[in-house]
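Shown below is the structure under consideration.
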Amino acid sequence: MTEAFIRNKPGMASVKDMPLLQDGPPPGGFAPVRYARRIPSKGPSAVAIFLTTFGIFSWGMYQVGKGNKIRRAIKEEKYAARRAILPMLQAEEDERFVKEWRKYLEEEARIMKDVPGWKVGESVYNSGRWMPPATGELRPEVWSRFDLLLL
């Protein structure tokens, strides 16, 4: 299409002769442009989220407290059972100790029979207090380990 046809002018002598055609707004103007930030309020409010979180946390802490009470009761039951059988275990250990102590004294008497003035079972320390033997001194299973190390 030609410019003459668009502007309804039979010919074009000069561009300056052409009528001025300018775009403008439609009658009544354009619709307003939304440039403000309008975020729709979807979902729960901050107060609702806070209260829900607080409620869940409180329920969880209540469950932790219940679990602690149960664990404490189980632990106390275990300790009570240990305290109940402790005298029997101590009696068994004392009986084992006495048997091993007799064997120890017999072995000491056999080894030191040629030493004049040696008193079997007498402490070599002069503290006046009875001291239990060092750990493993009266345990044959410990002696056998030491024997293996000496070989």
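Please read all numbers here as calculations on a predicted model, not as lab measurements. Each residue takes its place number in the sequence, starting with 1.
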Quiz: residues 48-55 side-chain donor-acceptor pairs under 3.5 angstrom, not counting sequence neighbours:
unit_1	atom_1	unit_2	atom_2	d
Thr52	OG1	Ala48	O	2.8
Thr53	OG1	Ile49	O	2.8

Item to check | Shared hydrophobic cluster, Leu105 / Val98 (ILVMFWY, side-chain heavy atoms < 4.5 Å) | outcome: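 Result: no, two separate clusters.
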Checklist entry - Which is it for Tyr62 and Trp59 under the ring-ring contact (aromatic ring centres under 6.0 Å, His included) test, yes or no, and what are the steps along the way? => result CA-CA 5 Å; Tyr62 170 73; Trp59 180 79; 8.1 Å; no
Item to check | Reference residue Arg96; test side chain to side chain donor-acceptor pair (under 3.5 Å); the match among Glu100, Glu92, Glu93 | outcome: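 For Arg96, the side chain to side chain donor-acceptor pair (under 3.5 Å) test succeeds with only one of Glu100, Glu92, Glu93, which is Glu93.
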Checklist entry - So do the side chains of Lys75 and Arg71 get within less than 4.5 Å of each other, counting heavy atoms only? => result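 Sidechains of Arg71 and Lys75: no contact.
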Can you give the donor-acceptor pairs under 3.5 Å from side chains of residues 78-85 to other protein atoms, not counting sequence neighbours?
unit_1	atom_1	unit_2	atom_2	d
Arg83	NH2	Glu76	OE2	2.9

Checklist entry - Any chance CD of Gln63 has more than 12 other-residue heavy atoms, nucleotides or ligands included, within less than 6.0 Å? => result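 Yes, because the 6.0 Å sphere around CD of Gln63 holds more than 12 heavy atoms from other groups.
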